[in-house]
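Written below as structure tokens is the structure these notes are about.
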Amino acid sequence: MTLTLATTQSSTTTCDALIVALMPKGKTGLELATHGITAAQSAKLLAALKALGATGRSGEVTKVTGITGIKAEVVVAVGVGDLRKKVNLDQIGAGLGNAIRALAGTKKVAIASPPEADLLRATALGAALGAYSFTAFKSDPTKAPAPVSSIVLLVPAPATAEQKAIVAEINVIAAAVNLSRDLVNTPPNALAPADLAAQAKHAVSALPVKVTIWDEKALKRDGCGGILAVGQGSANPPRLVKMEYAPRGATVKLHIVGKGITFDTGGISIKPAAGMDEMKGDMGGAAAIVGAMQAIATLGLNIKVTGWIPSAENMPSGTAQRPGDVITMFGGKTVEVLNTDAEGRLVLADALGMAALEKPDLIIDAATLTGAQRVALGSRLAGVMANDDESRALVCQAAELAGESMWPMPLPEDLRPSIDSATADIANIGDRFGGMLSAGIFLKEFIPEGQKWVHIDIAGPSFNDKGAYGYTPKGGTGSAVRTFVQVAKNLAAE
Ligand code: BES
Ligand code: MN
Ligand code: ZN
């Protein structure tokens, strides 16, 4: 999908469908917030919309055909609420996402876009992220309606440099989010740890990003006991991927780490059968790293960013780790594995320890870490924990600016004794109540004193098990990509 900018009149633009914004007016009235159509065309359009029961409510999508003088065969009115009263950028994005999804099967769509930077950005982002579907594993992909392939944003006056920059950036970000969605949606038999590593390498092959891959031998040599223990039950061996983007002159160093469990059966502490297929998405954090690294390097941000992907397949077998095993992690700490289904924290601990050796200014990890995250915050809101309040606020603010839903969460010290172990230094499970937080407390053990670190639990938001809504498709959502890119933008020197 490509987004472009143009200044042709909305009514005379050659396209399959034209999207216009619709607002409520007074109690029952309607008003178009658009440009490039005549008063007569507008009156006809409004009459048709009225007859079809459109209200202009935020997120509403109404299709109209046959408006004389408008070249597009279909005009789609997207409800945006009353913009004179309150502008909600997230709702504008969601509305555009709904419209673009409703137009799947259509090739070229024009949007009469608002020209103001923030509104244009929300419009472009919602449209670009709505144009997605995953058909790689359909024997005949032509049977499913293809997502819109070309979107033209129409602005009333010649495009400014700022508008061009916004559209260029959204193209990059949307491609990264969609790549991340593809990785999550890819079935687990097609995406073992070695495949994930190859995909990560491929995603940045044309970019100034150095990729290093640890195979099981290298992991053993370097003492990555957590990644090895989780991976030892699978015929598909584990991997660790390091992706380094270090533009000349950049001073700030950011490390980002993503959980890459390509399938989580739970291991010997096996999960129930119902819904286990969703555990193909247990590499959502890793997928966010791949997308973010691609976007950050493509945008050429002036900041050093290193991505880490610890990856394994968590399987039960004769070689799998057992509840009760004691393993030695990177850095030498020992962990008593009381539940093999708490595997994410084991692979992350090694990668966090390796990242910390390089003393970056900030480490952020994203992980589909706990079911407790969904219990606490629901399916759409990520939990953000940290060992430093300022860094946590920085990530939450970046998320808000990028349009992702994330919420600050504490790491209460009183939970620390719950991960005490009689046999090893610590155990891999703690208090079940506040399970999202005790997982964070476990990770914190692997962060050296003075190292700033933020942990994002994306168990819910990374995978949409219900129907599509707004610009969010069913399945992989690409959660955390936009936040990572926004953090990098905020920390980068101009
Ligand atoms: N990958 C799961 C967490 C998860 C659950 C992600 C549902 C997305 C949707 C994780 O590895 C896990 O199994 N966590 C356990 C931890 C428990 C054993 C302490 C959990 O949450 O039940
Ligand atoms: Mn698990
Ligand atoms: Zn898991």
Side-chain angles (χ1 to χ4, degrees), residues 184-185 188 191 193 196 226-227 229-234 238 257-288 309-316 320-325 335-351 365-383 385 409 415 418-421 426-443 455-466 474-477 479-480:
V184 168
N185 290 332
L191 198 84
L196 178 58
I227 300 171
V230 175
Q232 76 187 38
S234 171
V257 182
K259 171 177 172 182
I261 299 299
T262 58
F263 194 69
D264 182 13
T265 64
I268 296 296
S269 315
I270 199 161
K271 288 182 181 296
M276 201 200 272
D277 58 294
E278 279 179 28
M279 284 300 118
K280 72 172 182 179
D282 211 17
M283 30 58 70
I309 298 172
S311 180
E313 185 177 49
N314 191 21
M315 297 291 264
Q321 64 173 339
R322 293 149 287 256
D325 280 3
V335 172
E336 185 179 15
V337 180
L338 293 180
N339 188 320
T340 64
D341 198 11
E343 85 298 339
R345 61 198 77 182
L346 299 177
V347 302
L348 284 170
D350 284 347
D365 76 72
T368 49
L369 204 59
T370 65
Q373 183 278 325
R374 291 159 106 193
V375 175
L377 291 169
S379 302
R380 298 189 184 182
L381 203 52
M385 292 140 271
M409 282 286 159
L415 284 177
S418 76
I419 60 168
D420 279 347
S421 160
I426 48 172
N428 79 326
I429 52 170
D431 207 331
R432 198 167 71 79
F433 296 111
M436 164 174 55
L437 314 179
S438 48
I441 292 278
F442 177 90
L443 295 179
H455 162 56
I456 314 176
D457 195 332
I458 55 169
S462 141
F463 196 89
N464 176 20
D465 59 357
K466 304 199 175 65
K474 197 172 166 56
T477 62
S479 174

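Read the numbers this way: they start at 1 and go in the same order the structure lists the ligands and their atoms.
- Residues Thr340 and Ser269 bring a donor and an acceptor atom of their side chains to less than 3.5 Å of each other.
- Between Met279 and Asn314 there is no side-chain heavy-atom pair separated by less than 4.5 Å.
- By the 4.0 Å N-to-carboxylate-O rule, Asp365 lies too far from Lys259 to be salt-bridged with it.
- For the pair OD1 of Asp341 and OE1 of Glu343, the angle whose vertex sits at the Mn ion (ligand 2) is 120° to 10 degrees.
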**Prompt:** Does the side chain to side chain contact (heavy atoms under 4.5 Å, CB included) test come out yes or no for Thr265 and Met276, once each step is laid out?
**Reply:** CA-CA 7 Å; Thr265 64; Met276 201 200 272; 4.2 Å; yes
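- Note that CD of Glu336 and CD1 of Ile419 are 12.0 Å apart. Values are rounded to the nearest 0.5 Å.
- Taking a heavy-atom cut-off of under 4.0 Å, ligand 1 is surrounded by Lys259, Asp264, Lys271, Met279, Asp282, Asn339, Asp341, Glu343, Arg345, Thr368, Leu369, Thr370, Gly371, Arg374, Ile429, Ala459.
- Tested against Thr368 for a side-chain hydrogen bond (donor to acceptor under 3.5 Å, both in side chains), the candidates Asp264, Asp282, Asp457 yield a single pass: Asp282.
- Distance check, rounded to the nearest 0.5 Å: CD1 of Ile456 to OG of Ser462 gives 12.0 Å.
- Residue-and-atom listing of protein N/O/S atoms under 2.8 Å from the Zn ion (ligand 3), sorted by chain and number: Lys259 NZ, Asp264 OD2, Asp282 OD2, Glu343 OE2.
- Going from atom CG of Leu369 over to atom CE of Met385 covers 8.0 Å, rounded to the nearest 0.5 Å.
- Residue Ile268 holds its CD1 atom at 11.0 Å from CE of Met315, rounded to the nearest 0.5 Å.
- Atom CG of Asp350 is separated from atom CD1 of Ile227 by 4.5 Å, given to the nearest 0.5 angstrom.
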